[in-house]
Amino acid sequence: MPGVTRRQFIRIGAAGTGAAALASGLATRWWGLDGHEVTDPQTGGDRIVPTFCDVCFWRCGVLAHVKGRRVTKLTGNPKHPLARGRLCPRGYGATGLLYDPDRLQRPLVRARKRGEEVFEAVSWATALDRVAEGMAKIRDTHGPEALALFSHGCGGSWFSQLMAAYGSPNIGAPSYAQCRGPREAGHSLTFGAGLGSPEAIDLENARVITLIGSHLGENMHNTQVQDLAAALGRGAELVVVDPRFSTAAGKARYWLPIKPGTDIALLLAWMNVIIDERRYDAAYLEAHASGFAELKGHVADRTPEWAWPLTGLAPELIRETARFIAGARPASLIHPGRHTTWYGDDTQRARAMAILAALLGSYGRRGGYLSVGKMKLPPHPAASASARKLRPVADKPKAGGFPFADETLAQGLRAATIPGTAAYDIKGWLVYGTNLLYSLPSQAETLHAIDQLDLLVTVDVLPAESAGWSDGVLPECTYLERHDVLQSVAYKQPFVALRQEVVPPMYDSKPGWWIARELGRRLGLGAAFPWASATEYLQARAQAGGYDWSELQQTGVVLGRPTATCEEEGLKLTFGTESGTIELTSTALAKAGFDPLPKFYPPDDPPPGSFRLLTGRAPLHTFSATSNNRLLGECYPENEVWVNATVARSLTGFARPLQTGDRVMLVNQTGVKSGPVTVRVTERIRGDCVFLVHGWGHTAAGLRRARGRGASDSALMTAYKTDPIMGGTGMNVNFVRLEKAEVRA
Amino acid sequence: MSPRYSMAVDTRRCVGCNACVIACKEENALPPGAFRDWIATETKGVFPHLQQEIRSERCNHCARPPCVRVCPTGASHVNAGGTVLVSPRKCTGCSACITACPYDARFINPKGYADKCTFCLHRVKQGQEPACVASCPTRALAFGDLGDPQSPVARALRARTPKVLKAETGTEPHVFFTR
């Protein structure tokens, strides 16, 4: 084709006449329009099994796609009210746990000193015999209450049943005193009811959402993040109070980069403005609240100007945001947060938030706090029959304390393991689904307590640190390999959900129900476990509740009838406080000798050259439990330490300004040093603090992927401040300095 | 009229959680280390005056795709609805397309061919949304035929001024971003 330009050549090809064009790459487009098939990766399941997720506590409905015996993918169950067809990345990535090559495969008994992680693999019969022997010995020598169960996740209910039959009341979960406890107590004291999980809040319909230190969107509480996005889509505005420019802050109308530990000062100043300018809901308070006069007097001089030097927030910003928040009432939601154990005065901060919500009239109103119902689900007849009179829980010091704790204090059970501390001593620990060295502050105290134990048994999926210190390790299968529990959830759309086996257990792992039953049988407690299989148990419970078993199996969920959740839907507001009102001023706290209204106590400042260590979540990970997940690890392989950009330029002890990607060690106030961690230099954080995502820096030999990656905030949390009201362990009270990482050999 | 498949990403809704990324990896059985979509976070300003945009990104299925233009074997091609695809059988793994793509959207699959987002055409043909769209907990992603005013993507873009990435390259992307 002499004389044909490139452009013409293409035109000829495109016209469909170019036989000669086939010989050339230039024919691409022409050739490409036909003859190409679309390949299907074939990950759709031959079977789709509904169940619910166990990667975090939110428990969303999952549809598991299975080909042969392999789970190919997980999707959200559209019928499940918490999933609405969608999961968070951790939920999608649960196959990374199922197929984790580091999973515990066989029962293990300790062969050398505790903590050396040297075990002998044994048969289930041998392992169960040994564990049961140890439990029987504790029962015979010290009484059954000397055994404590630390549990996280709903599979722990099988072991709770075992504890009830065995005769111990000592069941603790770090999800209370290390997490949401203060906010439960704060709400109970103010409104007469806690918040529960999922929190009964109406994010979806809120017009202004105020986050106090909550980094929703980085903590992927699926339904809440869905609701947050829906609210934003509808034009809702965010006010974010956080020393760090969180994901949510990036979407906020106002970001208040508060000095850590001074939230109560801000809250009092906001109340000062709202009361002073009469922006509160007077009719609502008149009808429902008590103690307004005292509150008014209490905040009268807590002006934005007063709060300015304490919080670092300009008075105009405090005033403007107070007006903005009040302007949207009652659909102005003060988000209660979830992980609220920060400074040891956390119940009072939760109280201040609750009082502010009351001033806005948002409790029991659309766009605020809701009242939600739950479907009835009677216990299994055998389980309830086995309950006997138990001694009081041993989680408080001998002298008492923490009068408003409404759940067991996990660190209290740890303390009770030190002889003479509590009413009686704990001698054995059963640990289910929680890595105590990562979930409790002060690893030294945990290890000291472990040292006192006659027996430490771990039931888990992965060989995490707690397992390494155990006498016996019983490998549970993952949630995708087991029938587990029926769960009745209080939610605006009440429902009952089923967790069921998707694929058979891999290796020699076993489901929790089987492990608990086999231990029970060996302890002469077989009567408490009369079921031949979990399905038999679950079917009996479904029947007792009047639910269709086959519907549960086929859809994973049964929906109940929604009840009125707010005044707009006809709800009549009632309050479970002693006075039957919203207690702006708490008579209960006053009686117990605590401040009846929240007061601001200044936090300690970091020593020169040190920074307050703040921690939080990343959307791809749950605590320390997912750091070994190779699939999730592809997007978020390890934590980084966030350092303010201005600080990074002037840090002493470094030859040049600190840069993103540099490796440092964090050294805390008592000289505890983290492993090397990568620096993230950023404008997105204040200069007086640094930030780590929780759950990294593993030391367990068996976590071959996670080990040595990132820094362990848990190891650096040697200090904690206990909330005298409810026993929460405030953990944002540690300070670190940065040291250049030693070069590894 | 044949459809023009497009996607709209609402950056106000997106929290950058990576659900789309993990769901894509599972749906398409991607090998370790390979991604067909990813999260980009852009922060501007100086403390405390900051702005941030979070984007779920992928191949832009350009109307003028440089990857297709440079492909010497015809493996990179325009398929149904304007979707830019790679035929593994025809691909030699020469990487010319990877160099040509201004968005770094392609990688070499360990099986030896250039790999990238397909808009999950295998799902779309069955009336389903792409995996990333169906999986997104914040419903930040919308997909469909841009020419159909009732399609989710057309509705998502209505009354908005969307932007495309690297408009100056003249590739005419069909993944749009709104605020």
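Proteins get letters first, then strands, A, B, ... in listed order; numbering begins at 1 in each. Bear in mind the structure is a predicted one, so any value in this text is a computation, not a measurement.
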Legend entry - Heavy-atom contact with chain A under 4.5 Å, split by part of C120(B): neither

Inset, instruction - Pick whichever of A134(B), A29(B), A23(B) has the most heavy-atom pairs under 4.5 Å with chain A. - result: A134(B)

Legend entry - Contact check, side chains of R684(A) and Q52(B), non-hydrogen atoms, under 4.5 Å: yes

Legend entry - Contacting moiety of A156(B), where chain A heavy atoms sit under 4.5 Å: neither

Legend entry - L216(A), part contacting chain B, at a heavy-atom distance under 4.5 Å: neither

Legend entry - Contact origin within T11(B) toward chain A - heavy atom pairs under 4.5 Å: backbone

Legend entry - R630(A) portion near chain B, given a 4.5 angstrom heavy-atom threshold: neither

Legend entry - Side-chain heavy atoms of T75(A) within contact of E26(B), under 4.5 Å: no

Legend entry - Part of R90(A) within contact of chain B (heavy atom distance under 4.5 Å): neither

Inset, instruction - Sort A230(A) into side chain, backbone, both or neither according to what part of it lies under 4.5 angstrom from a heavy atom of chain B. - result: both

Inset, instruction - Tell me, for L87(A) versus chain B, whether the close heavy atoms (under 4.5 Å) come from the side chain, the backbone, both or neither. - result: backbone

Legend entry - L85(B), part contacting chain A, at a heavy-atom distance under 4.5 Å: side chain

Legend entry - Heavy-atom check, side chain of T39(A) versus side chain of H122(B), under 4.5 Å: no

Inset, instruction - Count the heavy-atom pairs under 4.5 Å between each of Q126(B), R12(B), R179(B) and chain A, then report the option with the highest count. - result: R12(B)

Inset, instruction - Please flag which part of I54(B) lies under 4.5 Å from any non-hydrogen atom of chain A: side chain, backbone, both or neither. - result: side chain

Legend entry - Side-chain donor or acceptor of Y92(A) paired with backbone N/O of S135(B) under 3.5 Å: yes

Inset, instruction - Supply the atom-to-atom distance Q51(B) CD to W255(A) CH2, rounded to the nearest 0.5 angstrom. - result: 13.0 Å

Inset, instruction - Scan N222(A), L232(A), V225(A) and name whichever one has a side chain to side chain contact (heavy atoms under 4.5 Å, CB included) with T138(B). - result: V225(A)

Inset, instruction - Give, as side chain, backbone, both or neither, the part of V21(B) having an atom under 4.5 angstrom from any heavy atom of chain A. - result: side chain

Legend entry - Presence of salt bridge, E683(A) and K44(B), under 4.0 angstrom: no

